[in-house]
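Below is one structure; the comments refer to it alone.
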Amino acid sequence: MKTQIKKSWAEPYRMKMVELLKMTTRAQRQKAIKEAGYNTFLLKSAEVYIDLLTDSGTSAMSDRQWAGMMVGDEAYAGSSNFYHLEETIRKYYGYKYIIPTHQGRGAENILSKILIKKGDIVPGNMYFTTTRLHQELAGGTFTDIIIDEAHDPLNPHPFKGNVDLTKLDKVVKKYGAKRIPYISIATNVNMAGGQPISMKNLKELRAYTKKNGIRIIHDMTRVAENAYFIQQREKGYQNKSIAQIVKEICSYTDGATMSAKKDALVNIGGFLATNEWDVYEEARNMVVVYEGLHTYGGLAGRDMEAMAIGIVESLDDFHQHARVGQVEYLGHKMMEFGIPIVQPIGGHGIFVDAKAFLPHLTQDQFPAQTLAAEIYADSGVRTMERGVVSAGRKANGENYYPKLELVRFTIPRRVYTQAHMDVIAESTYNVFKQRDKIKGLKMVYEPKYLRFFQARFEKLG
Ligand code: PLI
């Protein structure tokens, strides 16, 4: 059962090692961001003061996880750390068969290749960059079936990750269930601003998919954060622990891909899970082609051990309360300054609405890319674009124009303090005060895949 936690959220840990931060001058940062083509992914980390690029692989491991690294069994085959990981995933998530992968996209690659045929349709609760790309490379087409509220930054809906079952039904009627290999369901939807799906919605979706013979594949990268919101907001879950809620979520799905670099508190690692023997057998065959043997999947034994321990730590109620509490603290600070952010405040970061922040820029002038570059130049805080650049192009070459044009301030777990949050909000406000003077960008180099990682820009005017 859930332990009673206090209203305020002091971190349930203390520090015994620190990493010194680097301070830079404004002139150094202006030079650095210009050289990086106004893309924060192309900055060197030595040029960054507070790094909010991503929460992926950037969290701090615990002393227990580090101790786990020391008991790495680096046998090529049958490492005992693999069996510990397998047992942990079965116990806490409930999936039957597990294939480790080097990270989330390794699992997405294998699963998409197994389940998707050319011409298939994959409905999902908002796209994610790597997930959709693997679906497309396998011959599928992603279709968005998230509720409309998710595309509106200010809509206060408590479960903006929910599926609109009417939209889904239209897709199923149009294409037929046979052309839909699975429904792609993310918990705590990243691109919507870290927004949860409710248990009620998931149960309804399960009933619908059972009736129509369609699988649900769960992108469980941030499932514990989603469970925290269910515990806080959904009737009937207040007295359930995060661990209980996570297990229930997984029970309504048929398989999963996981980037353990987020919730599960490791610097590298992921896995594919399924309850179907046939899918497992095929995945076990394919993992040796793309990742490594099925008992290590591109990971060292020590990485699997750290992951097994991190999974258990991620399900602790005090941990999630402090984790999301810190994000909410930053969000409230931003709102006090009048900075437009996605609401409700999400699980893994603050998403600033760049269209509202820079209303004088059109989407073709890349408002979110521009704002991320300006914030870095002003303060050394590194954020990232989640808008038209991240959305990329359709198969026919046209740009996607997403309604959400956001700058993500992603908070690594157990890394920064409340005082850092104050500095971040104050720095953003400094840019906000001078927003009228900010000019947009033009793209001068565009890579073919996942362009946001490597695209380069120049300042307009
Ligand atoms: O970065 P990977 O390959 O371990 O995982 C890919 C991935 C899959 N699903 C979701 C929801 C993600 O957020 C995700 C990776 N996200 C990154 C890198 C991020 O910065 O959000």
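Counting convention: from 1, in listed order, for ligands and their atoms alike. We're numbering straight along the sequence, starting at 1.
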Results of ring pair (Phe, Tyr, Trp, His ring centres under 6.0 Å) for His348 - residues two or more places apart only | Phe351
Could you establish whether Arg408 and ligand 1 come within less than 4.0 Å of each other, counting only heavy atoms on the residue side?
-> yes
Closest to atom 17 (C) of ligand 1 among protein heavy atoms sits Lys262 NZ, 3.4 Å
Give the residue and atom name of whichever protein heavy atom lies nearest to atom 9 (N) of ligand 1, and the separation in Å to one decimal.
-> Asp219 OD2, 2.7 Å
Side chain to side chain donor-acceptor pair (under 3.5 Å) partners for Gln363, two or more places apart | Glu405
Return yes when Arg222 approaches ligand 1 closer than 4.0 angstrom through a heavy atom, no otherwise.
-> yes
Protein heavy-atom partner closest to atom 2 (P) of ligand 1 - residue, atom, separation in Å = Gln103 NE2, 3.3 Å
So, is Arg105 polar-close to ligand 1, with some N/O to N/O distance under 3.5 Å?
-> yes
Counting only heavy atoms not in Arg302, do more than 12 fall under 6.0 Å of its CZ?
-> no
Please state which protein non-hydrogen atom is closest to atom 4 (O) of ligand 1 and give its distance, to 0.1 Å?
-> Ser259 OG, 2.7 Å
Min N/O separation Thr130 to ligand 1 under 3.5 Å | no
Min N/O separation Phe128 to ligand 1 under 3.5 Å | no
For the residue pair Arg408 and Asn190, confirm or rule out a side-chain donor-acceptor distance under 3.5 Å.
-> yes
Tyr329 side chain to Asp422 side chain, donor-acceptor N/O pair below 3.5 angstrom | yes
